[in-house]
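Step one of this worksheet: look at the structure below.
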Amino acid sequence: MENKKYSVLLVEDNKYDQMAFKWLIKQENLPYDFKIADSISEARKYLGSKKFDIVITDYYLGDGTAFDVFDLIINTPIIFTTGAGDEEIAVKALKAGAYHYLKKDLQRTYLKILPLIIENAIKNKREEEQFKMLSHAIMSVEDSVYITNLDDKIIFVNEAFCKSYDYEKEEIIGKNTAILWKTNGKTKPTKKTISQTTEQSLTGEFYHIRKDGSEFPILLSKSVLDEEDGKAAAFTYIVRDITERTKAKKELKEAKKEVEAANAELLEMNNHLTQTATWAKELAIQAEMANGAKSDFLANMSHEIRTPMNGVIGMTAILLETKLNSEQREYAETVRNSAESLLTIINDILDFSKIEAGKLDLEFIDFDLRTTMDEVIDLLAFKTEDKGLAFSCFLDPQVEGFINGDPGRLKQILINLASNAVKFTDHGEIAIRGKLQDESETEICIRISVNDTGMGISQSAQQKLFQSFSQVDTSTTRKFGGTGLGLAISKQLVEMMGGQIGIESEEGKGSTFWFTIRFKKQARENRKKQTKNIDLTGKHILVIDNNKTNRDILKLQLQSWHCVVKEAENATTALKLLHHQAKDKSIFGIAIVDMQMPGMDGETLGKIIKNDPTLKNTKLIMCTSVGQRGDAKRMSDIGFEAYLTKPLKQSQLYDCLVNLLNQEPGEMEKKQLVTRHTIAEDQKLNLKVLLAEDNIVNQKVANKMLQKLGCQVDLAINGKEVVEAIKVVPYDIVLMDCQMPEMDGFEATGKIRKIEPDDQHTPIIALTANAMQGDRERCIEAGMDDYIAKPLNYKQLAETITKWKNSNNSRP
């Protein structure tokens, strides 16, 4: 800190905060000459009699708010403090001109960073004033000054230039410098023009042309402005009109001396500009250091926030799987929903901060697009069900689903757009559609749209939708929550992935958000490995649903598996088709029945089919969007072979069809009802997993999730225990927390890689509460195979473990 006393005004009515500030100055021996005002009126008295270097003001004051203080201050940095924690107030203060915003805490730890903020504020203010002085100096210099880019286009001129050349700034900016050298048919200047030279810096006599075509002699100095890496960024030209000196041939000797003097002046000015460039470089270095500090802070904050959030969300999920009465379940679900909303807000803020700091990075891994879209269904289905909305998610069969890119960020975009659609739609439907835009041998461009039948968005609101902190509903009595960052982040992510995003909407008629992303295709051999190997070609299936959208989606999907599909919009039409097929002895093997149909519902239709001797062998799949406890058993008693809830996931539907079509006729009565739960049960893992985690709450959360996946779990609380356990037991997978006492996950991984045999490689998956750029790379460099960020997500955990289950490293 400089050896200078700063005059500081503290506007604070809280005596304890006043005392804390005094104690800080005394404890840290800070060079502050400060005054305390405990009201607006007292602050007005001080500000009217003295100029302060910095003003620190609380938001709530006895006779007003901080904004009353703002009105009293001109050209002095303001640091805004509040204990309210209201982000809108903070944003308003920053927009009103506050230099910085600090949130108070009970321990008053915010005071620890206050001296650094004061120092930076005063320093920035001085640098700003110096920059204004420099700009004023250039604009007021008597010589003509112009600056060009590397393409010889003029990007700046001073007032003297405009006066000398008779141009308005608007006429000359953006023009090529050739306009200054043209002779308009006259003889070319005897000297070479600047554009014909190869030197980056030179001084000499030349001829220039004014706007009216008149030619006049000049003394010109050219210098280069360098970027930080030493490359030329622009050229500066200082021009002096030497018409009078040229005419004065009789005074040649004196004129020569004038030129030498002028050269010295120009060189001095050139040196000054060079010093200015050096100063600019130093500022850039300081900015880079500040970015580094910001990145470290974000990583720290990410870890500190995600660790307790993992416990809250994970333990709530475990609690909801226990026996609870209705009131307890309602409370627990409220906690879970609130925690997930808080995590969404935290993730939005961290993502936005990472984008601003240039620290947000993308992954490029192989994944199945259809699986990713199914995961979006899982996350949003309960929200649409709560509001009674029809929800469908469909990827056109012609789209190649096995692609390479960042599935996590793609899912983030989809959830942002679809969650907004649910939020602003009270009745009707939400539909996610993916279709092929274009493709080549190695790449595919996919267009995904999210349609809703909600309130729609006005043209004026659409123009600012993708801006940070911007929302459709900006009133003080907002009905809809959110940070206003979701669409801005989605736009950034889409553009980072080489795509575009947009909206089509009309008030009262719903909205369609769309985006395109270009992905790499997976290697052909990888695609073949993941392709379903059970043939459904020629299987006769009847789709019965009054909703045309649902029928169209099911029909396209089934036809992509080469099934023979018929459709009926109600039970009456369905029975006619079934009887007609029965007469032709080509009955349908399976009928997919919607539960909620007008006239005759799906349950009644199922009873009729199963009680009809000619139709009873038709296998029935019940699909419902309003499933209630006990429905599945009732459908099983009627004779339904499967019971699925909407929206149907493509993979779930496929597994259900394969399950039913593989049944022999004699097995039908023995086989249990096929549901999404039995399908998931069939896919359970059987792995021996070592979980390395020192936090007891996180142990319980991860252990419960792993057991649900069908894994046998052993626990280790530090890296040393992990290394010892690996020596004894051949684990299929190790889940390794990165931050543990005694020995962290990075060191433990390094020791494991040193002691394991050459023909054995145990997959190690990192568990970390950090989620910044470089964290994944650090894990991979340490010898780990994959990376999962906390809070743990069951779907992500299952997906990652399944990915490594079938690797050559796992036990037979």
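Asp396 places none of its side-chain heavy atoms less than 4.5 Å from the side chain of Leu436. Side-chain contact between Thr749 and Met736 is present, with heavy atoms from C-beta onward closer than 4.5 Å. Taking 4.5 Å as the limit, some side-chain heavy atom of Trp804 sits within range of a side-chain heavy atom of Asp786. Two residues are said to be in side-chain contact when any heavy atoms from C-beta on lie closer than 4.5 Å; Asp732 and Val689 fail this criterion. For the pair Leu558 and Leu657, the minimum side-chain heavy-atom distance is below 4.5 Å.
With sequence neighbours excluded, the residues that form a side chain to side chain donor-acceptor pair (under 3.5 Å) with Lys491 are Glu495. Under the side-chain contact (heavy atoms from CB on, under 4.5 Å) criterion, Val494 pairs with Ile413, Ile501, Phe515, sequence neighbours left out. Residues that satisfy the side chain to side chain donor-acceptor pair (under 3.5 Å) test with Asn546, not counting sequence neighbours, are absent from this structure. Residues passing the side chain to side chain donor-acceptor pair (under 3.5 Å) test with Asn420: none are found, sequence neighbours excluded. A search for salt bridge (Lys or Arg N to Asp or Glu O under 4.0 Å) contacts involving Lys520 returns Glu443, not counting sequence neighbours.
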(request) Would you please test Glu439 and Lys521 for salt bridge (Lys or Arg N to Asp or Glu O under 4.0 Å) and show each step? (result) CA-CA 9 Å; Glu439 67 177 323; Lys521 290 183 179 179; 2.7 Å; yes

(message) Determine whether Arg518 and Asp438 satisfy the following criterion, side chain to side chain contact (heavy atoms under 4.5 Å, CB included), listing intermediate values before the conclusion.
(response) CA-CA 9 Å; Arg518 190 170 296 278; Asp438 61 74; 2.9 Å; yes

(message) Checking Ile403 against Phe367 for the side chain to side chain contact (heavy atoms under 4.5 Å, CB included) test, could you report, in this order, the C-alpha distance in whole Å, the side-chain angles of both residues, the deciding distance, and whether it holds?
(response) CA-CA 6 Å; Ile403 54 180; Phe367 71 99; 3.5 Å; yes

(request) Determine, stepwise, if the pair Met740 / Asp737 fulfils side chain to side chain contact (heavy atoms under 4.5 Å, CB included). (result) CA-CA 7 Å; Met740 293 184 291; Asp737 184 32; 3.7 Å; yes

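Note that the CD1 atom of Ile765 and the CG atom of Asp785 stand 7.5 Å from one another [nearest 0.5 Å].
The backbone N or O of Leu395 sits nowhere less than 3.5 Å from a side-chain atom of Lys435 that would complete a donor-acceptor pair. Listed for the Thr516 side chain is a donor-acceptor partner under 3.5 Å among the backbone atoms of Gln500. Proximity of a side-chain donor or acceptor of Asn695 to a complementary backbone N or O of Asn698 within less than 3.5 Å is detected. Asp744 places no side-chain N or O within donor-acceptor distance of the main-chain N or O of Gln739, the cut-off being under 3.5 Å.
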Could you list the donor-acceptor pairs under 3.5 angstrom formed between side-chain atoms of residues 446-457 and any protein atom two or more places apart in sequence or on another chain?
from, atom 1, to, atom 2, distance (Å)
Asn451, OD1, Thr512, OG1, 2.6
Asp452, OD1, Gly454, N, 2.8
Asp452, OD1, Ser511, N, 3.2
Thr453, OG1, His427, O, 2.9
Thr453, OG1, Glu429, N, 3.1

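Counting non-hydrogen atoms of neighbouring residues, nucleotides and ligands closer than 6.0 angstrom, the NZ atom of Lys539 reaches no more than 12 such neighbours.
The two atoms that bring Ser490 and Asn416 nearest to each other are OG-ND2, 3.1 Å, heavy atoms only. Across all their heavy atoms, Phe394 and Leu556 have their closest contact at CZ-CB, 3.6 Å.
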